[in-house]
Amino acid sequence: MTNGVRNTKAVFWGFLGLFLLVSGLSPLSSQNSFARGEELFMQNRPEEALRYLRAAVAEDPAHVQAFIFLGIAYLQTDRLDDAIAAYTAILPRAGGETARVAFNLGNAHFMKGDPFLARRYFTRAIEANPSFASAYLNRANTLVRTGDLPEAVADYQMYLALQPGSQQREQITRLIAFIHEEFVAEEHRRVMAEETARIEAERRLQLLLEVSESIQTTAGGARGLSAGTEGVQDFDAEFELE
């Protein structure tokens, strides 16, 4: 009897092992999915990491770190919609990682070509962490894309204040100077346009005055001709034919 029980258990565990082998899982997958996914991710193997990270978030829908790594792995494999879906799902429950999740969500929208949504999520990241230097930098880049240059300069300056030793400092400083030059050029164009419009308005006014004077002179001559005609009519009225 004891041998029968042992044989039954052996068969059971054998079938379970075979099932886990075929399905690609291990008896400790619920504990190791994230660890294995993180390991592969850190080895720059995002495609392989995806399998384990997806399993980790399925096993624990509140596992913020698993969602963060999953989203980045999606970005690295050009699956932007999947990354956006992952970050959007965890953002309301991100807690202390809200700034990081919102920042990554902003990056995903920027990569997808939507600077307006990207700006919204970079702002969300800054609201969650006002010292998040990279969020200011990336929001500045989106503001340049949307043409909001004064706001972009403010964000670039904030980034430099938070990261005074940034390796990109020289490049950003040149960009700020270029934007200021564009401000000056735009102001010059505005002044020149206003001056051109003023000169054109004066020219048109002068033309209208000249035309109106010409019409006035013609009207005066017409009145004189009418008076003379009336005199002729009076003379004709006194002339009788027999």
Side-chain angles (χ1 to χ4, degrees), residues 46 64 67-92 94-205:
V64 179
F67 272 99
I68 290 175
F69 280 104
L70 176 63
I72 297 174
Y74 278 136
L75 291 178
Q76 290 179 338
T77 53
D78 295 323
R79 303 179 191 184
L80 300 181
D81 289 333
D82 289 331
I84 289 171
Y87 288 133
T88 301
I90 197 60
L91 183 60
E97 293 287 1
T98 296
R100 187 177 175 190
V101 172
F103 175 75
N104 289 344
L105 190 51
N107 286 334
H109 282 293
F110 187 84
M111 292 171 66
K112 195 175 179 181
D114 192 339
F116 295 98
L117 272 178
R119 174 180 180 175
R120 177 192 301 178
Y121 288 108
F122 289 138
T123 299
R124 178 80 177 272
I126 291 169
E127 290 171 349
N129 180 8
S131 299
F132 198 164
S134 294
Y136 285 103
L137 177 61
N138 286 13
R139 188 173 70 172
N141 293 332
T142 66
L143 290 167
V144 170
R145 182 73 62 89
T146 59
D148 299 302
L149 298 183
E151 293 88 343
V153 168
D155 274 0
Y156 283 132
Q157 290 173 335
M158 179 60 74
Y159 169 76
L160 293 178
L162 292 170
Q163 295 288 331
S166 172
Q167 295 180 350
Q168 302 180 78
R169 185 177 189 86
E170 183 178 350
Q171 183 178 1
I172 293 172
T173 301
R174 287 201 306 268
L175 179 57
I176 292 173
F178 178 79
I179 292 175
H180 282 307
E181 290 175 3
E182 181 60 23
F183 287 159
V184 173
E186 180 61 28
E187 179 64 15
H188 177 70
R189 287 192 293 269
R190 185 188 65 79
V191 171
M192 291 299 295
E194 289 180 356
E195 180 64 15
T196 300
R198 184 187 65 78
I199 294 172
E200 178 63 15
E202 290 181 353
R203 187 190 69 80
R204 293 174 65 84
L205 178 60

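For the single chain, residues carry numbers from 1 onward in sequence order. Reckoned from all heavy atoms, side chains included, excluding hydrogens, waters and symmetry mates.
Between atom CD1 of residue I179 and atom CG of residue L175 there is a gap of 4.5 Å, rounded to the nearest 0.5 Å. The line from CD1 of I90 to OG1 of T98 is 9.5 Å long, rounded to the nearest 0.5 Å. In this structure, L160 CG and T173 OG1 are separated by 5.5 Å, a value rounded to the nearest 0.5 Å.
Every residue was checked against the side-chain hydrogen bond (donor to acceptor under 3.5 Å, both in side chains) condition with Q171, not counting sequence neighbours, and none meets it. With sequence neighbours excluded, the residues forming a side-chain contact (heavy atoms from CB on, under 4.5 Å) with A133 are Y159, L162, Q163, listed by chain and number. For Y87, the side-chain hydrogen bond (donor to acceptor under 3.5 Å, both in side chains) partners are N104, not counting sequence neighbours. For R124, the salt bridge (Lys or Arg N to Asp or Glu O under 4.0 Å) criterion is met by no residue, not counting sequence neighbours. Every residue two or more places apart in sequence or in another chain that forms a side-chain contact (heavy atoms from CB on, under 4.5 Å) with N141 is listed here: L137, N138, Y156.
Minimum interatomic distance between F103 and A125 (heavy atoms only, all atoms of both residues): N-CB, 3.8 Å. Contact detail for L75 and M111: the closest heavy-atom pair is CD2-SD, 4.1 Å. Across all their heavy atoms, D155 and A140 have their closest contact at CB-CB, 3.6 Å. In terms of heavy atoms, R145 sits closest to F110 at NH2-CZ, 3.3 Å. Closest non-hydrogen pair, A118 versus T142, comes out as CB-CG2, 3.9 Å. Scanning all heavy atoms of the two residues, the minimum distance from V144 to L149 falls at CA-CD2, 4.2 Å.
A donor-acceptor pair under 3.5 Å is absent between the side-chain atoms of D148 and the main chain of E151, judged by distance alone. In this structure a side-chain-to-backbone donor-acceptor pair under 3.5 Å is missing from Y136 to F122.
Applying the salt bridge (Lys or Arg N to Asp or Glu O under 4.0 Å) test to residues at least two apart or on different chains, the pairs with a partner in residues 68-86 are E47-R79, D81-K112.
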**Item:** Evaluation steps, side chain to side chain contact (heavy atoms under 4.5 Å, CB included), between F116 and R119
**Value:** CA-CA 5 Å; F116 295 98; R119 174 180 180 175; 5.6 Å; no

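For Q167, the CD atom is loosely surrounded, since the number of other residues' heavy atoms within 6.0 Å does not exceed 12.
Using cut-offs of 30° and 60° for the angle between ring planes, the Y121 and H109 rings count as parallel.
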